[in-house]
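Residue numbering restarts at 1 for every chain, and letters A, B, ... go by the order of the sequence lines. Only a predicted model underlies this, so the values are computations on that prediction, with no experimental measurement involved.
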Number of protein chains: 2
Amino acid sequence: MSNNQFKRGELYSVINGVASTAVARRLQKNFRNAGLEITIEQWSILYHLWKEDGLSQQELCTRTYRDKASITRLIDNIEKLGLVERIASKDDRRVNMVYLTDAAKPLQEATYNLANQTMNEALQGISKEEIEIVKSVFQRVYENSK
Amino acid sequence: MSNNQFKRGELYSVINGVASTAVARRLQKNFRNAGLEITIEQWSILYHLWKEDGLSQQELCTRTYRDKASITRLIDNIEKLGLVERIASKDDRRVNMVYLTDAAKPLQEATYNLANQTMNEALQGISKEEIEIVKSVFQRVYENSK
DNA sequence: TTATATTAGTTGCATAACTAACTATATGTC
DNA sequence: GACATATAGTTAGTTATGCAACTAATATAA
């Protein structure tokens, strides 16, 4: 057994993503307090559709770093809530395009405000330079680990 | 709707902890390739017990940032694998102390080596200073979001 | 054009997460 | 001592995750 146990112990925090979990929990709680009965994972899908409506499930996999099965079931649940619908692509009949319903649109501003407020609280006292470094490190760790 | 959509989009990556998820998946895969049939979540419990054997479930909650119910079931599963056992505390009969079994001890070196190797790969090209900043930012985000 | 390989999506199985409601034990206050 | 409160752990219910095996549609190659 090598003797750099402390180093590994610290790095485990990075693996675990403790801070991002804390932010996710806080955002989830803020949603609930506002009477928005969606999960943060569902919100992450809606978030991408608000930016660009009508994405394929495969595209949602790429943009949210999830596998196909996870997206299938997330869309199932959001569809049950009546917030999105699948429409088969005419160009390629294997593909489902996912579209927001009218019911989803009013949620956008409320959740954006909650997300902004949550992030502002989470990032208090942290400089733009530090955030840039975190983003850069995350990107490189992600590329190194694919 | 405010107009800093790009900023929010980027910050969402922080919420999501994409990089740490990638590392966790890679470590999981390395465990499997080595014939170690444990999950990374189970490993995170064993990791803390290797550092200090005989922790209460509550202490494991604190150290691994999980809630009580999650720890109960994680310990259930690790107990089924025969790697830990619960022993009721004599001082306080509400408390379960969790101890490693003899079967768990040989796993320590193999998993430490895999974890080291995985982390070294993940952290290639990233300086100690950058890691310190990430750790510091994580800690402050966590404190801000509790 | 027929056989093969690839891609998009679904389903089954196991693990894990959180909340809320619950039991049992300890502690604190009157 | 008795009643209220807090703490440790379990259980039920719902959502989400990953892998592997599967179907259906498309693309490639002989």
Side-chain angles (χ1 to χ4, degrees), chain A residues 16-18 20-33 36-45 55-81 83-84 86-98 145-146, chain B residues 15-18 20-33 36-45 55-62 64-81 83-84 86-98:
Chain A
N16 211 21
V18 166
S20 56
T21 305
V23 179
R25 281 189 207 174
R26 170 61 74 96
L27 183 53
Q28 184 76 69
K29 188 174 290 183
N30 286 350
F31 281 166
R32 221 176 18 254
N33 289 345
L36 289 169
E37 289 302 328
I38 57 173
T39 67
I40 190 173
E41 293 84 2
Q42 293 168 356
W43 175 76
S44 77
I45 300 294
L55 297 172
S56 70
Q57 296 191 193
Q58 183 54 52
E59 188 57 35
L60 286 169
C61 293
T62 306
R63 298 195 187 189
T64 67
Y65 304 93
R66 291 182 173 90
D67 77 348
K68 296 183 296 176
S70 297
I71 292 295
T72 292
R73 283 183 260 233
L74 259 180
I75 302 296
D76 285 347
N77 285 335
I78 307 174
E79 204 168 28
K80 273 183 218 154
L81 294 174
L83 299 176
V84 300
R86 290 172 162 100
I87 297 181
S89 166
K90 286 169 187 170
D91 301 336
D92 184 338
R93 289 195 297 163
R94 293 171 301 182
V95 174
N96 286 337
M97 308 299 284
V98 182
S145 305
K146 271 199 297 201
Chain B
I15 294 182
N16 211 21
V18 167
S20 56
T21 304
V23 179
R25 279 188 210 174
R26 170 62 73 94
L27 183 52
Q28 185 74 70
K29 189 173 290 183
N30 286 349
F31 281 167
R32 224 178 14 254
N33 289 344
L36 288 169
E37 288 302 327
I38 56 173
T39 67
I40 190 172
E41 293 85 1
Q42 294 167 356
W43 175 76
S44 76
I45 300 294
L55 296 172
S56 70
Q57 296 190 194
Q58 183 53 53
E59 187 57 35
L60 285 169
C61 292
T62 305
T64 68
Y65 303 93
R66 291 182 173 93
D67 76 349
K68 296 183 296 179
S70 298
I71 292 295
T72 292
R73 280 188 255 236
L74 258 181
I75 302 296
D76 285 349
N77 285 336
I78 307 174
E79 205 168 27
K80 272 183 219 155
L81 295 173
L83 300 177
V84 299
R86 291 172 163 100
I87 298 181
S89 166
K90 286 168 185 168
D91 301 337
D92 184 337
R93 290 195 296 165
R94 292 172 303 183
V95 173
N96 285 338
M97 306 299 284
V98 182

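Remark: Asp67(B) engages no residue in a salt bridge (charged side-chain N to carboxylate O under 4.0 Å, His left out) (not counting sequence neighbours). With sequence neighbours excluded, the residues satisfying salt bridge (charged side-chain N to carboxylate O under 4.0 Å, His left out) with Asp76(B) are Arg86(B). When the salt bridge (charged side-chain N to carboxylate O under 4.0 Å, His left out) test is applied to Arg26(A), the partners found at least two apart in sequence or on another chain are Glu121(A). Under the rule for a side-chain hydrogen bond (donor to acceptor under 3.5 Å, both in side chains), the partners of Thr39(B) that lie at least two apart in sequence or sit in another chain are Glu41(B). Under the side-chain hydrogen bond (donor to acceptor under 3.5 Å, both in side chains) criterion, Glu59(B) pairs with Arg63(B), not counting sequence neighbours.
At whole-Å resolution of the value, NZ in Lys80(A) and C1' in dT15(D) are 10 Å apart. Distance, Gln57(B) CD to dT7(D) P: 17 Å, rounded to whole Å. The CG atom of Leu81(A) sits 11 Å away from the C1' atom of dT15(D) (whole-angstrom rounding). The distance from atom CG of Leu74(A) to atom P of dT14(D) is 18 Å, rounded to the nearest whole Å. One can place CD1 of Ile75(A) at 13 Å from C1' of dA16(D), the figure rounded to the nearest angstrom. For the pair Gln42(B) CD and dT17(D) P, the computed distance is 19 Å after rounding to whole Å. Trp43(A) has its CH2 atom 17 Å from the C1' atom of dA16(D), to the nearest Å. One interatomic measurement links the two molecules: CD of Gln28(A) to C1' of dT15(D), which rounds to 10 Å at whole-angstrom precision.
If you check every strand for non-hydrogen atoms under 4.0 Å, Thr72(A) touches a base.
Ile45(A) places a side-chain heavy atom less than 4.5 Å from the side chain of Ile71(A). Side-chain contact between Trp43(B) and Leu27(B) is present, with heavy atoms from C-beta onward closer than 4.5 Å. At least one side-chain heavy atom of Ser56(A) sits under 4.5 Å from a side-chain heavy atom of Met97(A).
Interatomic distance, CZ of Arg73(A) versus CZ of Arg66(A), reported as 13.5 Å (0.5 Å rounding).
Annotation: of the two residues near DNA chain C, Asn77(B) and Glu59(A), the 5′-most nearest-nucleotide partner is Glu59(A).
Bracketed by its first and final contacts, the part of DNA chain C lying under 4.0 Å from non-hydrogen atoms of chain B reaches from dT15(C) to dA26(C) in 5' to 3' order.
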Tabulate protein N/O versus nucleotide N/O from nucleotides 19-27 of chain D, keeping only pairs under 3.5 Å, one per line.
from    : atom 1 : to       : atom 2 : distance (Å)
dT26(D) : OP1    : Arg93(A) : N      : 3.1

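Between its opening and closing five pairs, the helix from dT1(C)-dA30(D) to dC30(C)-dG1(D) changes axis direction by 20°, a value rounded to 10 degrees.
The closest donor-acceptor contact from the side chain of Gln42(A) to the backbone of Ile75(A) lies at 3.5 Å or more, if one exists at all. Proximity of a side-chain donor or acceptor of Gln28(B) to a complementary backbone N or O of Val23(B) within less than 3.5 Å is not detected.
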